[in-house]
Student: 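My questions all concern the structure below.
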Amino acid sequence: MLKINNLTKRFGNFGAVNHLSLEVSQPGLYLFVGDNGSGKTTLFNLVAGLINTDDGEISLNNITDADLRRKQLGISAEPFTTEPSLTILEIAEIIRQIKHVSSAEMKQLLKQWEIWSAREKPFKALSTGMKKRLSLALSMIGDPEYLMWDEPFNGLDPLGIKLLNEIILNLTRQGKTIFLSTHLLNELNVHANTCFVMKNGNLIGTVHNEPATDFNKTILNLLKATT
């Protein structure tokens with residue numbers, strides 16, 4: 001369960017996240033949608049404990065300590081950067097050792113994301129889409145209960161988008177919880193539980209994906225109403 005209460009983060013005079021509160025109590029897919037600069041990435045970084053809050057509280061499975069909270073999450077950040085000369089296999093091996101998982105699990109994930117064949121390529125030689133696949137694969141090492149993916153569709157080609165949708169579907173069927181930020185709603189082909197719509201650091205609406213709801217249209221109408 002994720003609980004966020006009155007969360008605030010400022011950078012100088014700029015309010016990146018403003019008194020935001022929300023709650024997620026069931027497994028599934030939860031979207032965070034908004035224009036660039038809406039606060040999605042800052043919110044994800046706060047939940048992941050990568051930056052400190054100015055005010056408010058974040059609780060994940062009743063854990064508020066940022067370091068302990070982060071250990072429950074599989075994180076794919078945007079942008080994903082690392083040492084340019086390291087190969088896919090070397091990067092994955094570092095994460096494998098940190099997470100204390102087997103080489104077989106690591107290999108399976110790289111194969112699942114269809115990057116095993118490129119394992120000897122250095123990071124600097126990878127396309128944007130390959131970097132994205134690697135970031136997503138690494139986030140799944142250790143089989144975390146919660147996944148936090150910031151703009152996972154960015155840079156993916158059509159085959160990568162298809163693969164991402166298939167993996168999201170499989171994970172939700174396994175009972176995982178995925179927090180996914182995107183501004184590319186049309187690329188998502190998997191049923192989402194709820195969408196949190198953000199604008200200028202504020203949560204401007206919550207849309208539940210119910211049978212009588214035109215989910216995407218309702219989200220877009222919310223965004224248009226505040227422009």
Side-chain angles (χ1 to χ4, degrees), residues 1-25 28-82 128 131-132 134-136 138-140 144-156 164 168 176-185 187-188 192-207 219-220 222-227:
M1 176 184 288
L2 173 67
K3 288 185 177 180
I4 298 175
N5 183 41
N6 199 37
L7 186 63
T8 298
K9 180 64 180 180
R10 302 189 67 84
F11 297 102
N13 294 324
F14 175 67
V17 174
N18 303 307
H19 307 289
L20 188 147
S21 297
L22 61 84
E23 184 173 321
V24 169
S25 59
L29 175 62
Y30 294 86
L31 306 182
F32 292 78
V33 171
D35 299 331
N36 290 334
S38 63
K40 304 188 303 295
T41 294
T42 300
L43 174 61
F44 275 29
N45 286 339
L46 289 166
V47 172
L50 301 176
I51 57 176
N52 295 324
T53 64
D54 290 335
D55 197 10
E57 185 175 77
I58 305 167
S59 171
L60 185 64
N61 281 352
N62 297 316
I63 294 173
T64 57
D65 180 84
D67 290 333
L68 295 177
R69 196 170 65 236
R70 185 165 53 250
K71 289 180 180 180
Q72 299 182 75
L73 289 162
I75 303 164
S76 175
E78 174 71 16
F80 171 51
T81 58
T82 188
T128 302
K131 290 176 181 177
K132 179 63 69 175
L134 175 59
S135 176
L136 292 164
L138 296 178
S139 76
M140 293 172 60
E145 180 181 356
Y146 298 94
L147 294 153
M148 181 160 277
W149 291 348
D150 191 10
E151 298 288 357
F153 290 100
N154 277 5
L156 292 181
L164 174 56
I168 291 172
K176 304 293 185 183
T177 300
I178 304 173
F179 305 116
L180 188 154
S181 79
T182 186
H183 63 278
L184 300 172
L185 272 178
E187 306 292 5
L188 180 69
N193 297 47
T194 299
C195 179
F196 300 102
V197 184
M198 296 184 65
K199 187 82 171 180
N200 298 326
N202 301 298
L203 180 61
I204 61 170
T206 302
V207 182
I219 295 167
L220 293 173
L222 263 175
L223 289 169
K224 289 177 182 177
T226 57
T227 57

Student: Just verifying a value: how many Å separate Lys176 NZ and Met140 CE, rounded to the nearest 0.5 Å?
Tutor: 8.5 Å
Student: For a side chain to side chain contact (heavy atoms under 4.5 Å, CB included) check, start with the C-alpha distance between Asn61 and Glu145, then their side-chain angles and the critical distance, and finish with the verdict.
Tutor: CA-CA 10 Å; Asn61 281 352; Glu145 180 181 356; 3.5 Å; yes
Student: Looking at side-chain heavy atoms only, is the closest gap between Lys131 and Thr82 below 4.5 Å?
Tutor: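 No, their side chains stay 4.5 Å or more apart.
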Student: Closer than 3.5 angstrom, by distance alone: can the side chain of Lys132 be matched with the main-chain N or O of Glu151 as a donor-acceptor pair?
Tutor: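 Flag set: sc Lys132 to bb Glu151 pair under 3.5 Å.
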Student: Quick check for you: to the nearest 0.5 Å, what is the distance between Lys9 atom NZ and Phe11 atom CZ?
Tutor: 5.0 Å
Student: Report yes if the side chains of Leu156 and Leu164 come closer than 4.5 Å at any heavy-atom pair, otherwise no.
Tutor: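 A side-chain contact exists here, since the closest heavy-atom pair is under 4.5 Å.
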Student: Kindly assign one of parallel, tilted or perpendicular to the pair Tyr146 and Phe179, based on the angle between their ring planes and the thresholds 30° and 60°.
Tutor: parallel
Student: Nearest 0.5 angstrom please: Thr182 OG1 to Leu180 CG, how far?
Tutor: 6.0 Å
Student: Looking only at side-chain N and O atoms, does Asn6 offer a donor or acceptor that is under 3.5 Å from a partner on Glu57?
Tutor: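 Their side chains do not contain a donor-acceptor pair, so the 3.5 Å distance test is not met.
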Student: Distance check, rounded to the nearest 0.5 Å: Asp35 atom CG versus Asn200 atom CG?
Tutor: 8.5 Å
Student: For Phe44, is the NZ or CZ atom of Lys40 found under 6.0 angstrom from the centre of its six-membered ring and inside 45 degrees of the ring axis?
Tutor: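 Not satisfied by the 6.0 Å and 45° rule.
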Student: Between Lys3 and Ile58, is a side chain to side chain contact (heavy atoms under 4.5 Å, CB included) present by the stated rule, with each step listed?
Tutor: CA-CA 6 Å; Lys3 288 185 177 180; Ile58 305 167; over 6 Å; no
Student: Testing the basics here: between Ala66 and Gly49, what is the closest heavy-atom pair and its distance to 0.1 Å?
Tutor: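 The pair with the smallest heavy-atom distance is CB-CA, 4.0 Å.
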Student: Is Asp67 close to Arg70 at the side-chain level, that is, under 4.5 Å between some pair of heavy atoms?
Tutor: yes
Student: For the atom pair CD1 (Ile178) and CG (Leu31), what is the distance rounded to the nearest 0.5 Å?
Tutor: 10.0 Å
Student: When you measure from the side chain of Gln72 to the backbone N and O of Leu60, does any donor-acceptor pair fall under 3.5 Å?
Tutor: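 Flag set: sc Gln72 to bb Leu60 pair under 3.5 Å.
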Student: Enter the distance from Lys199:NZ to Asn18:CG here, rounded to the nearest 0.5 Å.
Tutor: 14.0 Å
Student: Might you point out which heavy atoms bring Met198 and Phe32 nearest each other, and give the distance in Å?
Tutor: SD-CD2, 4.5 Å
Student: Distance-only, no hydrogens or angles: does the Asn193 side chain make a donor-acceptor pair with backbone N or O of Leu29 under 3.5 Å?
Tutor: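 Yes; judged by distance alone, with no hydrogens or angles, the pair exists.
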Student: Show the nearest heavy-atom pair for residues Asn154 and His183, with the distance to one decimal.
Tutor: OD1-CE1, 3.6 Å
Student: Dump the intermediate steps for side chain to side chain contact (heavy atoms under 4.5 Å, CB included) on Leu136 and Leu147, then the final yes or no.
Tutor: CA-CA 9 Å; Leu136 292 164; Leu147 294 153; over 6 Å; no
Student: Quickly, which of Leu188, Leu185, Leu222 forms a side chain to side chain contact (heavy atoms under 4.5 Å, CB included) with Val33? Name it, please.
Tutor: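 Only match with Val33 under side chain to side chain contact (heavy atoms under 4.5 Å, CB included): Leu185.
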Student: May I have all residue pairs that pass side-chain hydrogen bond (donor to acceptor under 3.5 Å, both in side chains) and include part of residues 41-55, sequence neighbours excluded?
Tutor: Thr41-Asp150
Student: Taking all heavy atoms of Leu73 and all of Pro144, pick out the closest pair and write down the distance.
Tutor: C-CB, 4.1 Å
Student: What heavy-atom pair brings Leu68 and Asp65 nearest, and what distance separates the two atoms?
Tutor: N-OD2, 3.0 Å
Student: Less than 4.5 Å apart, any side-chain heavy atom of Leu46 and any of Ile51?
Tutor: yes
Student: Less than 4.5 Å apart, side chain to side chain, heavy atoms only: is that true for Met148 and Val47?
Tutor: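 Yes, at least one pair of side-chain atoms sits under 4.5 Å.
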Student: Is Leu43 close to Phe196 at the side-chain level, that is, under 4.5 Å between some pair of heavy atoms?
Tutor: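 Answer no - side chains too far apart.
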Student: Are the side chains of Ile219 and Cys195 in contact, using a 4.5 Å heavy-atom criterion?
Tutor: yes
Student: Can you check whether Thr64's main-chain N or O pairs, donor with acceptor, with Arg69's side chain at less than 3.5 Å?
Tutor: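 Side chain of Arg69 to backbone of Thr64: a pair is present.
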Student: Applying the side chain to side chain donor-acceptor pair (under 3.5 Å) test to Trp149, which of Ser139, Ser76, Ser181 qualifies?
Tutor: Ser139
